**Student:** 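To start, I am sharing the structure in question, which I have written as structure tokens.
The structure displayed is predicted, hence computed values, not measured ones.
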Amino acid sequence: MSRYQGPKPEFMMSPASLTYMRFQQRPVQRLFAGYAASLTPDPPHEMLCQDMLLTALREQQYLRPHTDKGTGVKRHVCIVFYLSPDWREEDEGGLKIETPPGETIILSALFNRCIIFKPNLLHSVTPFARSAAGKVRYSQTIWYA
């Protein structure tokens, strides 16, 4: 429930969106340069936001296995912020990542969770559970090159 009591605003930013804005305002290499360097054997001198995507998935929507390598620009880091305050672990719709040794990891799309991974990893979004009926799963993906 919102604490805001005034007239309904045209747009209100979530805490996760504000975090993204902070990522844009400060040089990324100062925020997680060591971590980014551990993700890629040849990190660039300065990582810049290459692209961003806002996603709203509804019931019976999911993403098939894919990579986020991109075309034309070599993406080094992928960051996903989850923006749905009412999302619960039992709703499923998580990020499924296939690791190089052949392991599978499924991470829940919990509100304000931030997941950072290599764009070349095969990943997907699992289908929603029945508990997610009527819900929308919002996320923001940012790629750094």
**Student:** Return a table of donor-acceptor pairs under 3.5 angstrom between the side chains of residues 93-109 and protein atoms on other chains or two or more places apart.
**Tutor:**
{"from": "Glu98", "atom 1": "OE1", "to": "Thr104", "atom 2": "OG1", "distance (Å)": "2.9"}
{"from": "Thr99", "atom 1": "OG1", "to": "Glu103", "atom 2": "N", "distance (Å)": "3.2"}
{"from": "Thr99", "atom 1": "OG1", "to": "Glu103", "atom 2": "O", "distance (Å)": "3.2"}

**Student:** At their closest point, which heavy atom of His76 faces which heavy atom of Lys74, and how far apart are they?
**Tutor:**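 Smallest interatomic distance, heavy atoms only, reads CD2-O, 3.4 Å.
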**Student:** Is it true that, when you exclude Glu90 itself, more than 12 heavy atoms of the residues, nucleotides or ligands shown sit nearer than 6.0 Å to its CD?
**Tutor:**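 Enclosed.
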**Student:** Can you tell if the side chain of Trp143 reaches within under 4.5 Å of the side chain of Asp68, non-hydrogen atoms only?
**Tutor:**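 Result yes, sub-4.5 Å side-chain heavy-atom pair found.
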**Student:** Under 4.5 Å between side-chain heavy atoms, counting indirect links through other Ile/Leu/Val/Met/Phe/Trp/Tyr residues: same cluster for Leu121 and Leu63 or not?
**Tutor:**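 In one cluster: no.
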**Student:** Any non-hydrogen side-chain atom of Arg88 less than 4.5 Å from a side-chain atom of Lys135?
**Tutor:**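 Yes, at least one pair of side-chain atoms sits under 4.5 Å.
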**Student:** Side-chain contact, heavy-atom cut-off 4.5 Å: Ser84 with Val136?
**Tutor:**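 Counting from C-beta outward, Ser84 and Val136 never come under 4.5 Å.
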**Student:** Are Phe117 and Val77 close enough, and set up right, to give a side-chain contact (heavy atoms from CB on, under 4.5 Å), and what steps lead you there?
**Tutor:** CA-CA 6 Å; Phe117 62 97; Val77 177; over 6 Å; no
**Student:** Evaluate the criterion side-chain contact (heavy atoms from CB on, under 4.5 Å) for residue pair Cys114 and Val80; output intermediate values, then yes/no.
**Tutor:** CA-CA 6 Å; Cys114 173; Val80 179; over 6 Å; no
**Student:** With a 4.5 Å cut-off on side-chain heavy atoms, are Met52 and Gln140 touching?
**Tutor:**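 Touching, per the 4.5 Å side-chain cut-off.
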**Student:** Side chains of Arg113 and Tyr82: does their closest heavy-atom pair fall under 4.5 Å?
**Tutor:**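 Counting from C-beta outward, Arg113 and Tyr82 do come under 4.5 Å.
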**Student:** Go through Thr55 and Leu53 one step at a time and tell me if the side-chain contact (heavy atoms from CB on, under 4.5 Å) criterion holds.
**Tutor:** CA-CA 6 Å; Thr55 306; Leu53 175 69; 3.7 Å; yes
**Student:** Checking Asn120 against Thr67: is there a side-chain donor and acceptor pair closer than 3.5 Å?
**Tutor:**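 Judged by distance alone, the side chains do not pair up.
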**Student:** For the residue pair Arg137 and Leu83, establish whether any side-chain heavy-atom pair is separated by less than 4.5 Å.
**Tutor:**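 Not touching, per the 4.5 Å side-chain cut-off.
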**Student:** Of the non-hydrogen atoms in Gly134 and Glu59, which two are nearest, and what is the gap between them?
**Tutor:**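 So the two residues come closest at N-OE2, 2.6 Å.
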**Student:** Indicate yes or no: at least one non-hydrogen side-chain atom of Ser124 is less than 4.5 angstrom from one of Arg64.
**Tutor:**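 Heavy-atom side-chain distance check fails, nothing below 4.5 Å.
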**Student:** Is atom CD of Glu89 surrounded by more than 12 heavy atoms (other residues, nucleotides or ligands) closer than 6.0 Å?
**Tutor:**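 At most 12 heavy atoms, drawn from other residues, nucleotides or ligands, come within 6.0 Å of this atom.
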**Student:** Please name all residues satisfying ring pair (Phe, Tyr, Trp, His ring centres under 6.0 Å) with Phe128, sequence neighbours left out, ordered by chain then number.
**Tutor:**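 With sequence neighbours excluded, Phe128 shows a ring pair (Phe, Tyr, Trp, His ring centres under 6.0 Å) to Trp87, given in chain and number order.
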**Student:** Do side-chain atoms of His66 reach the backbone of His123 as a donor and acceptor pair under 3.5 angstrom?
**Tutor:**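 It does hold such a pair.
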**Student:** If two hydrophobic side chains count as joined below 4.5 Å and joins carry through other members, does Phe81 share a cluster with Tyr138?
**Tutor:**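 Yes, because Phe81 and Tyr138 connect within a single hydrophobic cluster, where side-chain heavy atoms sit under 4.5 Å apart.
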**Student:** In terms of hydrophobic clustering (I, L, V, M, F, W, Y; side-chain heavy atoms under 4.5 Å; direct or indirect links), are Ile142 and Ile116 co-clustered?
**Tutor:**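 In one cluster: yes.
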